[in-house]
**Student:** 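Below you'll find the structure I mean.
These numbers come from the heavy atoms of this one structure, side chains and all, not from hydrogens, waters or symmetry mates. Quick note: residue numbers are just sequence positions, from 1. Because the structure is a prediction, the values reported are computed rather than measured.
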Amino acid sequence: MKSALVCGAGGFIGSHLVKRLKREGFWVRGVDLKCPEYAPTAADDFLIGDLRDQQIVRQVIDRRFDEVYQLAADMGGAGYIFTGENDASIMHNSAIINLNVLDACHKRNIKRVFYSSSACMYPAHNQEDPDNPNCVEDSAYPANPDSEYGWEKLFSERLYLAYNRNYGMECRVARFHNIFGPEGTWQGGKEKAPAALSRKIAQCEPGQSIEVWGDGKQTRSFLYIDECIEGVLRLTRSDFEGPVNIGSDEMISINDLARMIIEISRRNIGIDNISGPTGVRGRNSDNRLINERLGWAPRQPLRAGLESTYAWISAQVQGAK
Ligand code: NAD
């Protein structure tokens, strides 16, 4: 039986990934600071542990797993990353997790390690035009991410690829672009735009408006969780190390995203644009490289994923009343 380790298995993407690996017949160990919030873990073995601690990491990586997925990071939505207040801990916590996990894998002679970088590492100056952002993989340098979260991702990408070059590892690096779906954070300040807007819409009284940060013309693309995981597995098991984008190329403005969710909700709700942290003006996944190297790219329309996500969040909102 093949074995896999998922670091960050209590988080949004990690908990979905564990389910998928179990469906494929893996023996799965998960590790996180916390259990998944919305459903019990599907892992065979789930350890609560802090990956900043080298000793814990050695206990977690106590065997030669066939595949390791490193998703643990100190992260959140715009309200967490772009205010500047969390910069030191974001950089310190995530960098030390990556340093510890990767080195422990190397010492156990584990070859395949997947690392989740982020589109936040792309240079801010290529993302000033909301209609025409440039997120092609080789536009990363000269580097100029708009957040310290992005700088840490860039450092860690380089770390994984350096272990490939110097130690013969086979790490795989993807740059995720806004992953969303059911069983993701939907309140508390770390939620992303699709979840935050879905919550606001589900909580709003008919005839009232929801608050949307910025002028609403900033653009993004959003990838549904199942497609993200498909991309992760295809990349991990391929002969291509990346870095490569895993994202949707269906770009939409934040106000149009809000309108789409309002339509799905079939509720009479307006939009009120207020000032708030927004990040870059435009960002979209460029999927040419993943198409070329893996013969695959995500294709599900945004609306389909939003329908199931809105249904799940509105049920959470009703349940919390
Ligand atoms: P998440 O916050 O739900 O999951 C990350 C998990 O890491 C959390 O459960 C957290 O408790 C855990 N963690 C943090 N510090 C830890 C520590 N010291 N020890 C053990 N566990 C720790 O986030 P997610 O959306 O599932 O993202 C997974 C990965 O993908 C992250 O690396 C993130 O940076 C990256 N990413 C996500 C997105 C997205 O849109 N969700 C976009 C770009 C990149």
**Student:** Once salt bridge (charged side-chain N to carboxylate O under 4.0 Å, His left out) is applied, what residue pairs with a partner in residues 11-20 remain, sequence neighbours excluded?
**Tutor:** Lys19-Glu183, Arg20-Glu24, Arg20-Glu230
**Student:** Counting C-beta onward and ignoring hydrogens, is there a side-chain heavy-atom pair between Leu302 and Leu257 closer than 4.5 Å?
**Tutor:** yes
**Student:** By the rule that ILVMFWY residues connect when side-chain heavy atoms come within less than 4.5 angstrom, directly or transitively, which residues belong alongside Tyr38?
**Tutor:** Trp186, Trp312, Ile313, Val317
**Student:** Does any donor atom in the side chain of Glu152 or Asn98 lie under 3.5 Å from an acceptor atom in the other side chain?
**Tutor:** yes
**Student:** Could I get the full list of side-chain contact (heavy atoms from CB on, under 4.5 Å) partners for Arg303, not counting sequence neighbours?
**Tutor:** Met260, Glu263, Ile264, Glu307
**Student:** Does a side-chain N-to-carboxylate-O contact under 4.0 Å join Lys217 and Asp131?
**Tutor:** no
**Student:** Identify each donor-acceptor pair in which a side-chain atom of residues 54-64 lies under 3.5 Å from a protein atom, sequence neighbours left out, and give them as a table.
**Tutor:**
{"unit_1": "Asp62", "atom_1": "OD1", "unit_2": "Arg29", "atom_2": "NH1", "d": "3.0"}
{"unit_1": "Arg64", "atom_1": "NE", "unit_2": "Asn109", "atom_2": "O", "d": "2.6"}
{"unit_1": "Arg64", "atom_1": "NH2", "unit_2": "Asn109", "atom_2": "O", "d": "3.1"}

**Student:** I'd like to check Leu17 versus Leu233 (side-chain heavy atoms, cut-off strictly below 4.5 Å). Are they in contact?
**Tutor:** yes
**Student:** Within a strict 4.5 Å, meaning less than it, do heavy atoms of the Trp151 and Asp87 side chains meet?
**Tutor:**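 Sidechains of Asp87 and Trp151: no contact.
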**Student:** Determine whether a donor-acceptor pair (N or O, by modelled atom type, separation under 3.5 Å) exists between the side chain of Asn268 and the backbone of Pro206.
**Tutor:** no
**Student:** Between the side chains of Ser209 and Asp272, is a donor N or O closer than 3.5 angstrom to an acceptor N or O?
**Tutor:** no
**Student:** Which heavy-atom pair separates Ala140 from Met121 by the least distance, and what is that distance?
**Tutor:** CB-CE, 3.5 Å
**Student:** Under 3.5 Å, is there a donor on one side chain and an acceptor on the other for Tyr160 and Ser117?
**Tutor:** no
**Student:** Could you tell me whether the side chains of Asn100 and Arg52 share a donor-acceptor contact shorter than 3.5 Å?
**Tutor:** no
**Student:** Please output the side-chain donor-acceptor pairs of residues 293-301 that fall under 3.5 Å, not counting sequence neighbours, one pair per line with the distance.
**Tutor:**
{"unit_1": "Arg299", "atom_1": "NH1", "unit_2": "Ala297", "atom_2": "O", "d": "3.4"}
{"unit_1": "Arg299", "atom_1": "NH2", "unit_2": "Asn291", "atom_2": "OD1", "d": "3.3"}

**Student:** Between Leu51 and Cys7, is there a side-chain heavy-atom distance shorter than 4.5 Å?
**Tutor:**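 A side-chain contact exists here, since the closest heavy-atom pair is under 4.5 Å.
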**Student:** So, using side-chain contact (heavy atoms from CB on, under 4.5 Å) as the criterion, who are the partners of Asn134 when residues are at least two apart?
**Tutor:**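 Checked Asn134 against side-chain contact (heavy atoms from CB on, under 4.5 Å); matches are Asn126, Val136, Ser139.
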**Student:** My understanding is that a hydrophobic cluster links ILVMFWY residues whose side chain heavy atoms are under 4.5 Å apart, including indirect links. Using that, what else belongs to the cluster containing Ile48?
**Tutor:** Phe46
**Student:** Does some side-chain heavy atom of Asp66 sit less than 4.5 Å from a side-chain heavy atom of Met1?
**Tutor:**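 Answer no - side chains too far apart.
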**Student:** When you compare the side chain of Lys192 with that of Phe180, does any pair of heavy atoms fall below 4.5 Å?
**Tutor:** no
**Student:** Identify the two heavy atoms, one from Asn284 and one from Ser248, that lie closest to each other, and give their separation to 0.1 Å.
**Tutor:**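 Between these two residues, the closest heavy atoms are OD1-O, 3.4 Å.
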**Student:** Tell me who clusters with Met75, hydrophobic residues only, linked when side chains sit under 4.5 Å apart either directly or through other members.
**Tutor:**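 Listed partners: Tyr80, Ile81, Phe82, Ile90, Tyr149.
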**Student:** For Ile229, does its backbone N or O pair with a side-chain atom of Glu227 as donor and acceptor, under 3.5 Å?
**Tutor:**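 No.
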**Student:** Is it true that a side-chain atom of Ser15 and a backbone atom of Phe12 form a donor plus acceptor pair closer than 3.5 Å?
**Tutor:** yes
**Student:** For residues 196-206, which residue pairs qualify under side chain to side chain donor-acceptor pair (under 3.5 Å), counting only residues two or more places apart or in two chains?
**Tutor:**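 Of all non-adjacent pairs touching residues 196-206, those that pass side chain to side chain donor-acceptor pair (under 3.5 Å) are Glu191-Arg199.
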**Student:** Look only at the side chain of Glu137 and the backbone of Asn245, and say whether a donor-acceptor pair between them is shorter than 3.5 Å.
**Tutor:** yes
**Student:** Are the side chain of Ser3 and the backbone of Trp27 linked by a donor-acceptor contact shorter than 3.5 Å?
**Tutor:** no
**Student:** For Tyr224 versus Pro182, what's the shortest heavy-atom pair and its separation?
**Tutor:** OH-CD, 3.4 Å
**Student:** Are any non-hydrogen side-chain atoms of Ile254 and Trp213 less than 4.5 angstrom apart?
**Tutor:**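 They are not in side-chain contact.
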**Student:** If only side-chain N and O atoms count, and only distance matters, is there a donor-acceptor pair under 3.5 Å linking Tyr122 with Asp286?
**Tutor:**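 Asp286 vs Tyr122: no donor-acceptor pair found between side chains.
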**Student:** Run the salt-bridge test on Glu128 and Arg281 with the 4.0 Å N-O cut-off and return the result as yes or no.
**Tutor:**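 Judged by the 4.0 Å cut-off on N to carboxylate O distance, Glu128 and Arg281 do not form a salt bridge.
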**Student:** Taking only residues two or more places apart in sequence or in another chain, which ones pass side-chain contact (heavy atoms from CB on, under 4.5 Å) with Asn178?
**Tutor:**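 Scan of Asn178 (side-chain contact (heavy atoms from CB on, under 4.5 Å), adjacent residues dropped) gives Arg220, Phe222.
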**Student:** Does anything in residues 33-43 pair up under salt bridge (charged side-chain N to carboxylate O under 4.0 Å, His left out), and if so which pairs, sequence neighbours excluded?
**Tutor:**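 As it turns out, the salt bridge (charged side-chain N to carboxylate O under 4.0 Å, His left out) pairs with a partner in residues 33-43, which skip direct neighbours, are Lys34-Glu37.
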**Student:** Do we see a donor-acceptor contact under 3.5 Å between the side chains of Asn287 and Ser285?
**Tutor:**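 Checked: Asn287/Ser285 side chains pair up, N/O donor to acceptor below 3.5 Å.
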**Student:** What pairs of residues pass the salt bridge (charged side-chain N to carboxylate O under 4.0 Å, His left out) test when at least one of them lies in residues 154-163, not counting sequence neighbours?
**Tutor:** Glu157-Arg175
**Student:** Would you mind reporting whether Tyr141 and Leu154 have side-chain heavy atoms less than 4.5 Å apart?
**Tutor:** yes
**Student:** To the nearest 0.5 angstrom, please state how far the OH atom of Tyr69 sits from the CG atom of Leu21.
**Tutor:**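 Between atom OH of Tyr69 and atom CG of Leu21 there are 5.0 Å.
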**Student:** Which residue is it: Arg237, Arg112, Lys111? I am looking for the one with a salt bridge (Lys or Arg N to Asp or Glu O under 4.0 Å) to Glu170.
**Tutor:** Arg112
